[in-house]
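Notes to accompany the following structure.
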Amino acid sequence: MEEKKAEFKVFKNGPLQISGDFELFDSAGEIITRQSPIFLCRCGKSADKPFCDGSHKSAGFSG
Amino acid sequence: MEDPRDRQYTNEEITVFWKPSKCIHATTCFRELIEVFNPGRRPWVNMEGAPTRRIIEVVNKCPTQALEWKYNREMDQKELQMNQVRGDEVTPKTLQEEDNQRPVKVNLMKNGPIVVEGDFKVIGADGNTLRSMLMTSFCRCGGSKSMPYCDGTHRKIGFIEKDD
């Protein structure tokens, strides 16, 4: 089956959504997940990094 | 014999030599120092992106001799003349393009950005702009001035991902 091309969607003042055919690796090069979609923290404030936990709202993140 | 794809990059102190034929895509350089070694940019090596000692440290970690360095004061005239920037630069990324890399690799840099390699699309925060890309780095510290992309701000603000 043909996998869907990876897509990175930037949410205004929010996270980065990744969907399609991708692999997420940690800084040691170990695979974390292939599951789609995922939402990665962009504001730097999530307590669940690298994933978004909604902290961008309380932090008033703009970007 | 000299490979026409070879390049060199210089600042006031040192010159970094890039030999694509020796690159094995270990990705050490841009995992460690995306501010200097960014295959998504041209030229892909930015010698102003970090202090000289840090550049030396990362070049020394290259597992092959694809990246090497020398003090400018130790270079001869012929080598110094090669410091002129030439076009048609290959990077670790373009070398790999024939592989049509799938799935796309999403790499989390420690206390740094999300570096993406492969063939992918980016939809902007306005919901409309769509770009096809082969390599980029997304900001993760919240402080970049060129959102959504990394501009190296994470180092300035001392972004720490986790306390451990």
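Neither the backbone nor the side chain of I31(A) comes within contact range of chain B, judged by heavy atoms closer than 4.5 Å. Residue V115(B) does not touch chain A at all, counting heavy-atom pairs closer than 4.5 Å. Contacts of L16(A) with chain B are made by side-chain atoms alone, with heavy-atom separations under 4.5 Å and no backbone atom involved.
In this structure, CZ in R140(B) is found 11.5 Å from SG in C43(A), a value given to the nearest 0.5 Å. Going from atom CZ of F120(B) over to atom NZ of K5(A) covers 9.5 Å, rounded to the nearest 0.5 Å. Note that NZ of K110(B) and CG of D26(A) are 10.0 Å apart. Values are rounded to the nearest 0.5 Å. From S27(A), atom OG reaches atom CG of N107(B) across 10.0 Å, with rounding to the nearest 0.5 Å. Note that CZ of F8(A) and CG of L130(B) are 13.0 Å apart. Values are rounded to the nearest 0.5 Å.
In terms of heavy-atom pairs under 4.5 angstrom with chain B, the leader among K12(A), R42(A), K45(A) is R42(A). Taking chain A as the reference chain and counting heavy-atom pairs below 4.5 Å, the highest number among L108(B), I157(B), I114(B) is found for L108(B). By number of non-hydrogen pairs under 4.5 angstrom with chain B, the leading residue of Q17(A), E7(A), H56(A) is E7(A). With chain A as partner, the option from H154(B), R31(B), M109(B) having the largest number of non-hydrogen pairs under 4.5 angstrom is R31(B).
A 4.5 Å side-chain heavy-atom check between K9(A) and K121(B) finds every atom pair outside the cut-off.
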Notebook entry, point to check: Can you check side-chain contact (heavy atoms from CB on, under 4.5 Å) on F22(A) and K105(B), steps first, answer last?
Noted result: CA-CA 6 Å; F22(A) 72 90; K105(B) 287 189 178 137; over 6 Å; no
